[in-house]
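Start at 1 and go down the list; that is how both ligands and their atoms are numbered.
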Amino acid sequence: MREFTYTANPGRVVFGEGKIATLAEEVARLGLSRVLMLSTPQQEAQARAVAGALGGTCVGLFGGAAMHTPVAVTELALAVVTETGADGVVAFGGGSTIGLGKAIALRTDLPQIAVPTTYAGSEMTPILGETQGGRKVTQSTSKVLPEVVIYDVTLTLGLPPALSGTSGINAIAHAVEALYAQSRNPIISLIAVEGIRALARALPRIAERPGDVAARSDAQYGAWLCGICLGAVGMALHHKLCHTLGGTFELPHAETHTIVLPHALAYNAPAVPDAMERLRQALDADDAAAALFDLAGAVGAARALRDLGMPEAGIDQAADLALANPYWNPRALDRDGIRKLLKRAWAGEPPQQG
Ligand code: NAD
């Protein structure tokens with residue numbers, strides 16, 4: 001077996017249908033008596049209902065969480081932390097709200113309880129990306145890891161089917177790249193395979209029946225595992241391409257990941273036979289890249305970058321940008337190969353090796 005280093009991120013996970021009912025218990029377990037609830041404006045009513053169950057232990061609700069953790073929003077929330085004398089935060093929502101909880105923890109060391117309602121997986125990572133003056137700055141520090149995470153499937157039942165599909169495939173992308181990461185290790189690879197298996201089976205069922213509790217529960221379990229992968233090992237070509245495409249052409253995050261993943265995997269496939277074998281098992285398919293392309297179709301997601309608004313002229317620009325800042329990838333990056341990959345992703349064609 002090759003050498004490896006494995007770092008387990010700390011944290012307590014409470015998983016199960018109706019487990020939001022344990023929130024008061026978890027607050028008490030952490031010795032907190034004045035928590036501040038966080039949410040987006042869209043989820044404020046739901047967060048308020050959850051806060052109600054905490055009685056006087058909840059001293060307020062800040063409902064201003066926003067995409068990409070703007071520092072200006074964090075400063076508003078910090079003022080509420082000070083005003084209310086909060087001794088902990090409960091982040092109720094998706095990656096945006098959990099990002100706000102992390103940004104508060106970074107500056108105050110306050111304990112966090114995360115209650116995720118999407119499949120983004122941020123609650124499992126020591127990563128925080130914050131935006132200020134139009135720039136996103138990302139850092140990794142264990143200071144931002146939540147102390148407790150409560151996964152309650154009932155809170156995900158209202159996640160719109162389209163968002164469920166792309167958010168789930170975005171999670172799968174973390175686990176796929178974990179299988180061939182430079183810092184890969186056998187523990188994370190086990191977690192990655194299990195996460196991919198759970199999500200790949202659950203997502204088409206959710207697309208058919210968004211209220212299917214068993215499928216939703218499997219997807220939430222898979223998303224948790226894929227989040228662990230993102231938080232534990234480095235990512236490669238797929239994540240770099242999506243970052244470039246998103247930033248340059250303002251393409252939506254999860255949808256872009258969903259389109260690019262089969263193509264980035266097909267590009268890397270010749271260099272990562274072990275990962276491909278594990279993916280064959282996880283996806284129960286001979287051609288993992290084709291299976292991921294089919295999965296995007298099964299959940300009704302867009303499969304062409306042009307359908308997200310990327311101009312054709314952007315293919316060359318993105319290929320240049322993808323090669324501009326060298327980073328580790330299992331297969332050497334060649335411009336022609338990257339260009340072909342991007343062209344197929346742009347047009348919505350099936351993935352092809354080479
Ligand atoms: P989000 O948190 O922005 O949520 C999208 C919208 O859906 C919001 O309006 C939200 O209120 C709503 N919503 C969430 N759950 C819902 C539910 N169950 N039912 C109905 N509506 C619901 O989206 P996201 O994809 O979870 O997170 C994206 C953000 O998280 C991005 O800023 C991304 O950069 C960040 N992220 C960070 C990490 C990390 O490790 N730091 C990992 C993944 C994502």
Side-chain angles (χ1 to χ4, degrees), residues 9 11 20 37-50 61-71 73-74 91-103 105-106 112 114-131 136-146 149-175 177-178 206 210-211 213 216-217 219-220 223-235 239 242-243 246-247 250-258 301:
N9 287 325
I20 191 64
M37 195 80 156
L38 308 173
S39 78
T40 59
Q42 293 83 357
Q43 287 181 290
E44 199 174 319
Q46 215 186 349
R48 199 171 294 285
V50 170
L61 186 152
F62 178 84
M67 268 299 231
H68 306 305
T69 330
V71 171
V73 170
T74 301
F92 179 92
S96 297
T97 306
I98 290 165
L100 175 61
K102 288 171 149 183
L106 179 73
Q112 309 165 68
V115 185
T117 61
T118 70
Y119 304 136
S122 174
E123 65 282 356
M124 283 296 136
T125 83
I127 306 163
L128 172 64
E130 298 183 284
T131 46
K136 186 161 183 169
V137 179
T138 299
Q139 58 182 303
S140 183
T141 162
S142 55
K143 270 179 92 169
V144 304
L145 280 166
V149 179
I150 300 176
Y151 287 109
D152 181 344
V153 66
T154 55
L155 305 174
T156 65
L157 297 177
L159 191 63
L163 182 57
S164 304
T166 53
S167 182
I169 296 178
N170 184 186
I172 289 178
H174 308 328
E177 290 229 292
I206 291 171
V213 175
R216 287 282 188 186
S217 183
Q220 198 175 31
W224 162 30
L225 300 183
C226 292
I228 295 176
C229 296
L230 177 66
V233 294
M235 298 286 121
H239 281 74
C242 291
H243 189 80
E250 291 185 23
L251 304 184
H253 178 84
E255 288 89 334
T256 305
H257 273 266
T258 300

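Using modelled atom types, one side-chain atom of Lys102 and one backbone atom of Ile127 make a donor-acceptor pair closer than 3.5 Å. Of the possible donor and acceptor atoms, one in the side chain of Ser164 sits under 3.5 Å from a partner among the backbone N and O of Leu159. Judged by distance alone, the side chain of Ser167 and the main-chain N or O of Tyr119 form a donor-acceptor pair under 3.5 Å.
Close N/O approach between Gln43 and ligand 1 is found [any backbone or side-chain N/O within under 3.5 Å]. For the pair Gly95 and ligand 1, the shortest N or O to N or O distance falls below 3.5 Å.
Aromatic rings of His239 and His243 (six-membered ring for Trp) have centroids beyond the 6.0 Å cut-off, not under it.
Nearest protein heavy-atom neighbour of atom 31 (C) of ligand 1: Met67 SD, 3.9 Å.
The shortest separation from a heavy atom of Gln46 to ligand 1 is not under 4.0 Å, leaving the residue out of contact. The shortest heavy-atom distance from Glu130 to ligand 1 is not under 4.0 Å.
Phe92 has its side chain within reach of Gln46: a pair of non-hydrogen atoms, C-beta onward, lies under 4.5 Å apart.
Per-atom contact check: atom 43 (C) of ligand 1 touches the protein, criterion being a heavy-atom distance below 4.0 Å. Using a 4.0 Å threshold on non-hydrogen atoms, atom 6 (C) of ligand 1 does not count as touching the protein.
At a heavy-atom distance under 4.0 Å, no atom of Arg216 approaches ligand 1. For Thr40, every heavy-atom contact with ligand 1 shorter than 4.0 Å involves the side chain, none the backbone. At a heavy-atom cutoff of 4.0 Å, ligand 1 is contacted by the backbone of Leu155 but not by its side chain. Looking at Gln42 against ligand 1, only its side chain comes within 4.0 Å, counting heavy atoms. Proximity of His253 to ligand 1, defined as any heavy-atom pair under 4.0 Å, is not found for any part of the residue.
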Does the pair Trp224 and Val149 meet the rule for a side-chain contact (heavy atoms from CB on, under 4.5 Å), with working shown?
CA-CA 10 Å; Trp224 162 30; Val149 179; over 6 Å; no
Quick one, Arg216 with Thr154, criterion side-chain hydrogen bond (donor to acceptor under 3.5 Å, both in side chains). Give me CA distance, side-chain angles, the key distance, then yes/no.
CA-CA 8 Å; Arg216 287 282 188 186; Thr154 55; over 6 Å; no
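For atom 4 (O) of ligand 1, the nearest non-hydrogen atom from the set Thr117, Thr118, Ile98 belongs to Thr118.
Smallest separation of non-hydrogen atoms from Gln112 and Ala105: NE2-CB, 3.3 Å.
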